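A quick write-up on the structure given underneath.
For clarity, every value in this text was computed on a predicted model and none was experimentally measured.
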Amino acid sequence: MYEAYLAAGAPTLSEMATAIGDVSADDDMVKAAPSRDTIQRIIRLPVLPARQADVVALVIVLTRMVGGEAEHAAQRAARLWLDARLERPLGQPIHELDPIDLEVHRAIEVEDSRSSRASELPAYVTRPHDRELRLAVQRAVVRGESQLVMLVGGSSTGKTRACWEAVQQLPEGWRLWHPIDPERPGAALADLPQVGARTVVWINESHHYLLTPDQGIGEQVAAGLRELLRDPSRAPVIVLGTIWPEYRGQLMAEPVPGGVDPHAQARALLSGHELTVPTAFDETAMLELSAKSRTDPRLAYARERAEDGHITQYLAGAPELLARFEAAPPGARAVILAAMDARRIGHRLDLPQAFLAGASEGYLTDHEWDMLAENWLEEAFAYASRPVRGARGILTRRRPRRGEPTTVDPVFRLADYLEQHGRQTRRTQRIPSSMWESALHHNKSGRALARFAGACGLLRVAFHLERKAAASGIDEAARRAGDVLRKAGRENDALQWYQKAGGAGDPEAALWAGQLLWQQGRVWDALDWFDQAARTGLAESAAAKAWSMLHSVGSRARAKDWMGEGGPVLKEQPDESLAGWKRPQRLRLTEEVESLLAQGRTERALNLLQVTGEEWPSVFRRGAVILKEHGLIDEAVRWFEMAFTAGDIGAAWRAGRTLREQGRDDEAIEWYQRGAYAGDRTALQRVAYLMRDRGRLDEAVEWAQRAADTGDKSAFGLAVDFLDLQGKHREAAQLAAYGWDLDGMISEPWDADDEL
């Protein structure tokens with residue numbers, strides 16, 4: 001080949017491609033028309049070309065360019081190509097292969113599997129079809145008989161993984177050939193004659209090989225496989241295939257009498273060699289799953305969440321869900337993000353369509369919003385609801401069963417794997433105002449959402465969510481509305497809501513009503529509410545409050561009526577000396593490792609730590625602490641970074657603190673920010689404190705507000721404190737009492753009766 005290329009004067013790719021195109025249609029000697037890319041690979045790559053016909057066609061054209069004898073050159077090239085192919089058999093040794101490259105589906109990741117040295121695939125659970133498959137493999141190895149097994153099953157039922165587990169039994173010397181280049185049926189046709197003994201022919205998704213647009217090609221592949229299987233000179237070989245039931249049905253359909261039989265070879269190939277893979281795990285498989293889930297967190301996660309035994313679909317479908325989310329068009333992505341955030345802030349499982357539609361607007365930029373189609377919302381829900389690998393889609397419409405209440409507005413549930421993903425990746429993201437506005441319009445039970453809004457400092461939103469829930473007759477909502485006002489220092493407004501809730505039978509609200517009345521000096525009114533709390537379920541707490549109040553105003557006789565002569569009896573406090581006895585003892589590094597770290601020989605220390613069996617993040621974190629103790633700050637930060645990369649988001653603020661202690665504040669801020677972006681809410685507060693210490697109080701308030709936006713309620717108090725430190729006492733008091741508006745500005749004073 002290369003000799004012919006040089007003799008022709010090293011023509012360009014375009015010249016060679018054009019020359020082949022000019023002769024391939026009219027010349028019987030030229031039986032292939034390799035593309036420009038194929039020609040480039042043949043000329044430049046130091047590997048044997050995949051197709052003999054491509055090589056011969058190119059040699060013929062190059063030889064003719066210099067007036068040589070093309071027929072002789074073609075024969076020589078064909079012979080040399082075959083000799084090279086036989087010199088190195090098809091396929092690769094099985095131990096060198098990656099199951100993912102063979103199209104075994106990736107499995108879910110959960111927190112424990114990310115931070116540990118878990119294998120790429122979860123532990124395998126054996127099912128009845130696995131035993132049949134392994135028997136076929138044993139017949140090939142022990143008896144030397146060629147075997148074909150075609151696994152038939154729906155999407156993500158575990159067909160390809162079962163084949164992978166079966167070939168792991170094969171002894172040294174077996175190879176696996178997966179024909180895919182340049183396209184599957186063509187690759188199979190080209191090289192089937194070269195398949196030798198002790199080869200696994202891997203035809204995953206067999207419809208690509210047997211059910212081709214050109215029926216003749218699929219039949220040629222089937223005939224070639226049949227010939228391979230019955231050729232004793234090439235035995236033993238194992239042909240492993242997978243196929244969906246609908247494709248299998250097309251291939252196995254009997255032809256119309258007297259009509260054309262388009263799949264005769266394929267039907268003859270498959271008959272008697274099919275093995276069905278069940279859709280769900282049976283009871284025996286579930287028992288084995290339970291045992292193996294103790295050591296594999298992915299199996300445990302799937303066992304708890306997969307429906308009706310659909311374990312493999314859940315394991316394989318979840319990564320596809322994530323991929324579909326990441327590839328979603330803007331409208332669908334906005335709806336999915338709204339669902340993620342709604343669950344993150346406490347919305348119940350059922351998410352009304354109208355609520356998601358309203359909330360999703362805040363997840364679209366102005367450009368994206370303007371470019372949406374008129375039916376974008378319909379398209380978004382269709383995209384998010386499409387099933388994935390035989391399992392539920394990102395959003396699943398929940399249909400009420402007989403006897404359940406029906407709703408006018410459809411409701412959806414978010415796939416729990418994406419819910420978990422959202423909680424982990426979006427925990428430091430601000431909730432857009434459209435979410436709160438939609439919640440106020442469409443949510444009737446906003447208690448959890450109200451708590452989150454209150455933690456964010458959106459006091460007016462929190463109050464109105466509670467107020468709306470109270471108007472709908474939701475238990476405790478009126479008391480929670482009072483809680484919002486009381487915590488903002490607005491006791492008089494809170495009292496009205498506590499009295500409303502206490503009068504409806506809420507004992508905690510009655511207790512708070514009594515407490516606030518006592519603070520106002522209205523002892524006998526307070527006593528009535530303590531009595532109400534006692535009668536509705538909080539007798540002991542109410543009695544203690546009443547006794548303390550009456551005793552403080554000198555009414556000891558009435559106090560005795562409530563609690564007796566001795567007053568309230570305090571329960572014994574736990575023995576503090578025993579409080580920590582259950583804490584796991586801290587693992588200690590050996591003196592050798594400590595010495596190596598102290599000497600700065602971190603790579604040697606790392607090698608020793610790797611064999612301790614510890615999880616990676618904790619190994620790196622422990623090493624960083626020791627390095628820090630020995631004054632090796634840069635090395636300590638590097639080890640914190642390794643822990644952070646391995647999944648320990650808390651390592652970011654530890655690195656930041658280490659740098660801050662050295663006066664390297666700018667670097668510390670960068671680490672705090674990295675932690676925040678990775679989902680560590682406390683990192684935002686730490687930046688706020690650092691800004692305060694540097695006298696940059698405006699920025700400190702901004703960072704405290706960013707922390708509060710994530711639902712970190714202590715950060716709201718920080719913002720108030722930092723405003724006070726600036727001397728902005730009026731703004732601090734106003735923020736404490738009224739919170740922030742949805743636009744991030746301090747709210748103007750508002751009354752409980754005001755509409756939002």
Side-chain angles (χ1 to χ4, degrees), residues 99-100 102-135 137-138 149 151-169 242 275-322 343 349 387-394 396 398 413-424 582 584 613-618 647:
I100 304 302
L102 293 176
E103 299 165 350
V104 176
H105 294 318
R106 295 185 184 276
I108 60 173
E109 287 185 348
V110 297
E111 196 66 33
D112 292 340
S113 67
R114 289 192 191 98
S115 59
S116 67
R117 285 165 282 179
S119 62
E120 191 164 26
L121 297 177
Y124 192 67
V125 176
T126 304
R127 295 190 279 166
H129 62 271
D130 292 297
R131 290 184 279 275
E132 295 294 327
L133 185 54
R134 291 173 185 179
L135 285 174
V137 171
Q138 290 171 11
V149 181
L151 296 183
V152 182
S155 175
S156 301
T157 50
K159 305 183 297 296
T160 312
R161 177 71 189 276
C163 292
W164 171 254
E165 294 298 322
V167 301
Q168 301 311 300
Q169 305 175 78
T242 68
L275 191 58
T276 299
V277 178
T279 301
F281 278 30
D282 60 17
E283 292 182 0
T284 302
M286 290 300 291
L287 287 173
E288 184 180 344
L289 174 74
S290 296
K292 290 186 174 179
S293 65
R294 299 189 188 104
T295 55
D296 193 316
R298 292 162 294 188
L299 291 185
Y301 192 86
R303 180 173 63 87
E304 292 173 3
R305 292 165 174 80
E307 298 178 294
D308 303 322
H310 289 69
I311 302 298
T312 55
Q313 293 91 332
Y314 192 91
L315 288 168
E320 183 65 23
L321 285 174
L322 187 57
R343 289 292 296 143
L349 282 173
V388 173
R389 297 196 185 283
R392 296 178 183 271
I394 296 172
T396 301
R398 186 175 180 275
R413 287 191 177 181
L414 176 68
D416 51 14
Y417 185 73
L418 281 186
E419 180 181 326
Q420 178 205 39
H421 178 74
R423 292 183 188 278
Q424 292 170 351
K582 288 186 178 180
E614 289 298 307
E615 300 296 336
W616 281 107
S618 62

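Taking CE of Met286 as the start and CD of Glu283 as the end, the distance is 9.5 Å to the nearest 0.5 Å. To the nearest 0.5 Å, the span separating CD1 on Ile100 from CG on Leu121 amounts to 5.0 Å. Interatomic distance, Thr126 OG1 to Leu289 CG, rounded to the nearest 0.5 Å: 11.5 Å. One distance of note links CZ of Arg298 with NZ of Lys292; it measures 13.0 Å at 0.5 Å rounding. The OH atom of Tyr314 lies 14.0 Å from the CG atom of Asp308; values are rounded to the nearest 0.5 Å.
Other residues, nucleotides and ligands place more than 12 heavy atoms under 6.0 Å from the CZ atom of Arg413.
Between Ala162 and Asp130, the shortest heavy-atom contact is CB-OD1, 3.5 Å. Across Glu288 and Val125, no two heavy atoms sit closer than the pair OE2-CA, 3.6 Å. Counting all heavy atoms, side chain and backbone alike, Ala415 lies closest to Gly393 at CB-O, 3.7 Å. Closest heavy-atom contact between Thr157 and Pro278: CB-O, 3.9 Å. Taking all atoms of both residues into account, the shortest heavy-atom contact from Ile311 to Ala302 is CD1-O, 4.0 Å. The shortest non-hydrogen separation linking Ser290 to Arg303 is OG-CD, 3.5 Å.
Annotation: side chain of Leu315 is in contact with side chain of Leu299 (closest heavy-atom distance under 4.5 Å). Here the side chains of Arg127 and Thr284 are not in contact, with every heavy-atom distance at 4.5 Å or above. The closest side-chain heavy-atom distance from Val152 to Leu275 is not below 4.5 Å. In this structure, the side chains of Leu102 and Cys163 stay at 4.5 Å or more apart for every pair of heavy atoms. Inter-residue side-chain proximity for Thr312 and Arg161 is flagged as unmet; no heavy-atom pair is nearer than 4.5 Å.
A donor-acceptor contact shorter than 3.5 Å links the side chain of Gln313 to the backbone of Thr279.
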Residues His129, Thr276; criterion side chain to side chain contact (heavy atoms under 4.5 Å, CB included); working and verdict | CA-CA 7 Å; His129 62 271; Thr276 299; over 6 Å; no
